[in-house]
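A short worksheet on the structure shown next.
Here, residue 1 is the first one in the sequence, and each next residue gets the next number.
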Amino acid sequence: MQLVVARIGRAHGIKGEVTVEVRTDEPELQLAPGAVLATEPSSVGPLTIATGRVHSGRLLLRFEGVADRTAAEALRNTLLIAEVDPEEVPEDPEEFYDHQLIDLDVVTRDGTEIGRISEISHLPYQDLLVVQRPDGSEVLIPFVSEIVPEIDLEEQRAVVDPPPGLLDDSQAEIASSREDS
């Protein structure tokens with residue numbers, strides 16, 4: 001099974017390094033030197049990681065055959081894809097691969113059906129569950145333990161405890177109001 005593990009960002013320096021947006025909870029396994037990764041678009045790869053280091057909180061990678069800034073910049077926005085065993089699961093029981101979450105039923109704590117997870121949106125600060133509702137609309141649910149307290153892979157469901165207004169705009173609470181001057 002193929003798993004997107006990162007997206008290449010901008011070039012860093014003049015020796016072919018690139019920043020990467022990590023999309024895996026185990027970058028030390030999938031983004032280690034020597035790893036050979038497929039790419040999207042496929043015409044760019046496969047790419048072999050030559051070196052990796054953290055600089056100012058960002059992961060920087062250099063690939064074999066990419067020796068300068070121009071070649072590194074040409075890789076921008078390329079997805080890096082690792083081949084993983086479908087039976088493999090992350091070491092931490094609170095972590096999940098995207099393929100484990102796709103198609104899970106989403107219900108509230110009281111059992112009310114919300115929909116089904118159609119994709120995971122990886123943003124810089126948190127992930128979002130994209131949930132397809134029975135009426136065809138979508139709702140975005142932050143994938144944080146306060147809002148998604150339970151993932152039950154055996155029952156194929158995600159239990160959510162949404163704050164007011166997340167699922168229904170009419171229940172939104174106004175935190176503050178400004179008075180017109």
Side-chain angles (χ1 to χ4, degrees), residues 1-9 19-32 35-42 44-47 49 52 57-59 61 77-175:
M1 166 172 284
Q2 293 190 320
L3 178 69
V4 174
V5 293
R7 184 182 66 81
I8 297 175
T19 62
V20 293
E21 173 189 312
V22 176
R23 294 190 178 177
T24 176
D25 291 327
E26 300 173 320
E28 66 282 355
L29 298 178
Q30 281 125 353
L31 299 173
V36 179
L37 302 168
T39 60
E40 180 59 45
S42 58
V44 174
L47 294 172
I49 298 174
R58 293 211 96 158
L59 180 60
L61 296 178
N77 293 322
T78 298
L79 296 177
L80 299 175
I81 303 166
E83 191 67 38
V84 296
D85 180 347
E87 301 301 314
E88 182 181 324
V89 295
E91 291 177 13
D92 183 342
E94 297 296 314
E95 294 176 1
F96 303 94
Y97 290 135
D98 288 5
H99 71 270
Q100 294 176 292
L101 300 172
I102 300 296
D103 287 332
L104 291 185
D105 291 322
V106 179
V107 298
T108 61
R109 284 187 187 268
D110 66 8
T112 304
E113 179 185 352
I114 304 303
R116 186 167 275 194
I117 299 173
S118 61
E119 70 179 274
I120 315 303
S121 180
H122 299 279
L123 301 177
Y125 296 104
Q126 73 182 25
D127 296 336
L128 294 175
L129 302 177
V130 179
V131 177
Q132 190 79 36
R133 292 180 159 195
D135 67 6
S137 65
E138 283 184 343
V139 63
L140 302 176
I141 299 177
F143 192 30
V144 294
S145 60
E146 293 81 18
I147 298 174
V148 186
E150 181 184 345
I151 298 290
D152 187 337
L153 295 178
E154 285 186 24
E155 294 293 322
Q156 288 290 290
R157 69 184 182 140
V159 176
V160 297
D161 187 13
L166 182 65
L167 302 178
D168 184 354
D169 291 341
S170 68
Q171 296 176 348
E173 295 176 356
I174 297 175

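- The shortest side-chain heavy-atom distance between Ile8 and Val44 does not fall under the 4.5 Å cut-off.
- Take Ala38 and apply the side-chain contact (heavy atoms from CB on, under 4.5 Å) test, not counting sequence neighbours, and it matches Gln2, Ile81.
- For the atom pair Leu128 CG and Ile117 CD1, the distance stands at 11.5 Å (nearest 0.5 Å).
- Contact detail for Glu113 and Val107: the closest heavy-atom pair is CA-CG1, 4.1 Å.
- Side-chain contact between Leu104 and Arg157 is absent, with no heavy-atom pair separated by less than 4.5 Å.
- Shortest non-hydrogen contact noted between Gly52 and Leu61 is CA-CD2, 3.8 Å.
- Using a 4.5 Å cut-off on side-chain heavy atoms (C-beta onward), Val130 and Gln132 make no contact.
- In this structure, Leu79 CG and Ser42 OG are separated by 11.5 Å, a value rounded to the nearest 0.5 Å.
- A distance of 7.0 Å separates CG in Leu80 from CD1 in Ile49, rounded to the nearest 0.5 Å.
- In this structure, Pro134 and Gly115 approach most closely via the heavy-atom pair CD-CA, 4.1 Å.
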Under the side chain to side chain contact (heavy atoms under 4.5 Å, CB included) criterion, do Ile120 and Leu129 qualify, and how do the steps go? CA-CA 5 Å; Ile120 315 303; Leu129 302 177; 3.5 Å; yes

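- Rounding to the nearest 0.5 Å places CG of Asn77 at 12.0 Å from CD of Glu40.
- Residues Ile102 and Ser118 come closest through the heavy atom pair CD1-O, 3.6 Å.
- Here the CD1 atom belonging to Ile141 is positioned 5.5 Å from the CG atom belonging to Leu166, to the nearest 0.5 angstrom.
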Using a 3.5 Å cut-off and no angle test, enumerate the donor-acceptor pairs between side-chain atoms of residues 147-156 and protein atoms at least two apart in sequence or in another chain.
| from | atom 1 | to | atom 2 | distance (Å) |
| --- | --- | --- | --- | --- |
| Asp152 | OD1 | Glu154 | N | 3.1 |
| Asp152 | OD1 | Glu155 | N | 3.0 |
| Gln156 | NE2 | Leu153 | O | 2.8 |

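- To the nearest 0.5 Å, the span separating CG on Asp127 from CD on Glu119 amounts to 11.5 Å.
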